[in-house]
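Input: a single structure, listed below in structure tokens.
The model shown is predicted, which means the values in this text are computed figures rather than measured ones. Read the numbers this way: they start at 1 and go in the same order the structure lists the ligands and their atoms.
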Amino acid sequence: MTSLAGRFQFLADVRILPNAEEVRREEPDAEEPCDVEADAHKSSAVEPPRLLSLPVVRLTPDSSARDRRRDRGLPGGSEIQYEFGRSMNGVRSAVRRLSTCKYSTVLEDVDHHLARPYSEVPGPKPIPILGNTWRFFPVVGEYKIEDVAEISKSLYTEYGKIAKMSGLMGRPDLLFVFDADEAEKVFRSEGDTPYRPSMPCIVKYKHQIRKDFFGELPGVIGVHGENWRIFRTKVQRPALQLSVVKKYIAPIQEVTDTFIQRMLDMRNTDQEMPADFDNEIHKWSLECIGRVALDVRLGCLEPNLPENSEPQNIIDCAKFALRNVAILELKAPYWRYFPTPTWYKYINNMDFFREVCMKYINKSLANLKTKNVDEDDLSLLERILVKEEDPKIACIFALDLILVGIDTISMATCSMLYQLATRQHIQETLHQELVRVMPDPNAPITASTLDQMPYLRAFIKEVFRLYSTVIGNGRVLQTDMTLCGYRVPKGVQLVFPSIVTGSMPEYVSDAESFKPERWMKSEKGEESSYIHPFASLPYGYGARMCLGRRFADLEMQILIAKLIRSYKLEYLYEPLEYKVTFMYAPEGELKFKMTKR
Ligand code: HEM
């Protein structure tokens, strides 16, 4: 759910840069203050090498640190000098032996001095005036928006683990980093207010066009710094609390039962779904998000909706957003300089969603006044309304959930169903698990039933690994950093394309194979294969991680479990290609054949 920016060695041994926990594990005296390190950090102790001319690092403990280390029988009490020419490993182990704290900071410092300048990062060359934006122009441009996933793959093939796309009209450089270790380094070192460069049109809508409504706390999407942190703190707990999420098992199931009945009704004589079945999945996800964010059934799954009815308008607006936000975000952003028809339509759309949210939030507020408030019984929305004086907080939050919680989940679901329909043996294994856990297909799903479906959870993770719905994540660097051997200045937009790293053999064993089992522990409790924890991050990482992830998993699990328990899904046409229409999903007619088991 991010924009392109929000989605893309010279040191062959970057892997050995450990995080603070690892260092603490290795160094028994890690808690002790360490003068050596403090000193080393000053330029006198770690002499920043003048590149090429003096490739040497000298680490000199001061006398008191040396005495303390000697008293404790630790090595490293004397000066050590390493030549960079020999190996970075040597430098690292020197630092490790001498210092006991902020070890990674010292290394970062050493790496930084050694690193090459940012200007030397490889990447496609910008042309005058149009920069690299022309590459996205129809006809002449070599890249199409739908091909963003392919672009990131080809950047990796052509330039290696780091590639710079500079000269993009109206936006800063994008720095693609295809290195899970470097992703780990960035994510683990981001502070309390990570900056995800997302959705410039939402930013403009919230911060300029409707600033009077959004004010100082405009939500989490397109918001950064303290204002983001304050807002997130207000909503994070209920949104991620398991006990709250579990309350939605029954309501999501009710929506899903209606949807499956609708699927049965729309089958043609060959028992196939209509060509625009993805639109139907979209309606299911709208109905789910209405239940989660606004406590209502929006009515999007009703057959034969009249033109101009509220649910039909909601469906149309969501469809517009799906088709056009990518164009506004990724193509040359003319709308930033003069309003275009698409931009006007976008504003109207957002205003409409805002009104819908406010309408249902006022209803919920009125209901609450007539209710005895027992916190345990409250919904997500009610919890926020009870806690916050200003109902606008609940409205803005609901709007954020709607903005990012429709396309993500519906495109992910299209992808999941397509993978099931085209991998019959996987579907069969899943079916067996479902029969075991749900002997009566009509019995309601509970939290305990879901807990007993490890293969289903693993299947979802495996689809995300190989066909990452959000093709990557992004961060704006908030301090200078060395990445893949280059000095990257703060302010650069980093892109971590998990669509590429998720299938790199150095991060995932047997990377090309589709194997849900890799996510499951064997009977002996062992992991069945290696996967770098930062290679595939479908919901992002850290303080800014997806706020709807528990709901997203719940919705997909319930739909897949209900469907595959009772029906067989097939896809009997030529394979579909995956494309980016903002999200990464199979493009084409999802005419699944659905037969009773
Ligand atoms: C399969 C579906 C989904 C995927 C793959 C997905 C993925 C993501 C990713 C990658 C991020 C960025 C995280 C980061 O910066 O580290 C994100 C953020 C977010 N997601 Fe999701 N998401 C999904 C569904 C949902 C749903 C259903 C909702 C709402 C109910 C939702 C609400 C949010 C919100 C509010 C944020 C912004 C968090 C912040 O910036 O503080 N997502 N999501």
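- Listed by chain and number, the residues in a salt bridge (Lys or Arg N to Asp or Glu O under 4.0 Å) with Glu302 amount to none (sequence neighbours excluded).
- Taking only nitrogen or oxygen atoms, main chain and side chain alike, Trp228 reaches within less than 3.5 Å of ligand 1.
- Among Leu554, Asn473, Val235, Asp553, the residue whose heavy atom lies nearest to atom 14 (C) of ligand 1 is Asn473.
- To the nearest 0.5 Å, the span separating CG on Asp376 from OG on Ser243 amounts to 7.5 Å.
- The shortest separation from a heavy atom of Tyr539 to ligand 1 is under 4.0 Å, placing the residue in contact.
- Gln478 has its side chain out of reach of Lys490: every pair of non-hydrogen atoms, C-beta onward, lies at least 4.5 Å apart.
- At a 3.5 angstrom cut-off on N or O pairs, Tyr541 counts as close to ligand 1.
- Counting heavy atoms only, Pro538 comes closest to atom 7 (C) of ligand 1 of the residues Gly472, Pro538, Pro194.
- Residue Ala412 approaches ligand 1 through these ligand atoms, each under 4.0 Å from one of its heavy atoms: 1 (C).
- Residue contact check for ligand 1: Arg475 places a non-hydrogen atom closer than 4.0 Å to it.
- To the nearest 0.5 Å, the span separating CG on Leu155 from CG on Leu174 amounts to 9.5 Å.
- Between Lys515 and Glu462 there is no salt bridge, since none of the side-chain N atoms of the basic residue sits less than 4.0 Å from a carboxylate O of the acidic one.
- Taking all heavy atoms of Val404, Val220, Leu380 into account, the minimum distance to atom 33 (C) of ligand 1 is reached by Val404.
- Residue contact annotation: Phe464 has a non-hydrogen atom under 4.0 Å from ligand 1.
- Within the structure, ligand 1 has Ile221 among the residues with a heavy atom less than 4.0 angstrom away.
- Checked against a 6.0 Å centroid threshold, the rings of Tyr507 and Phe534 do not count as neighbours.
- In terms of polar-atom proximity, Arg232 is counted as a contact of ligand 1, with an N or O under 3.5 Å from an N or O of the ligand.
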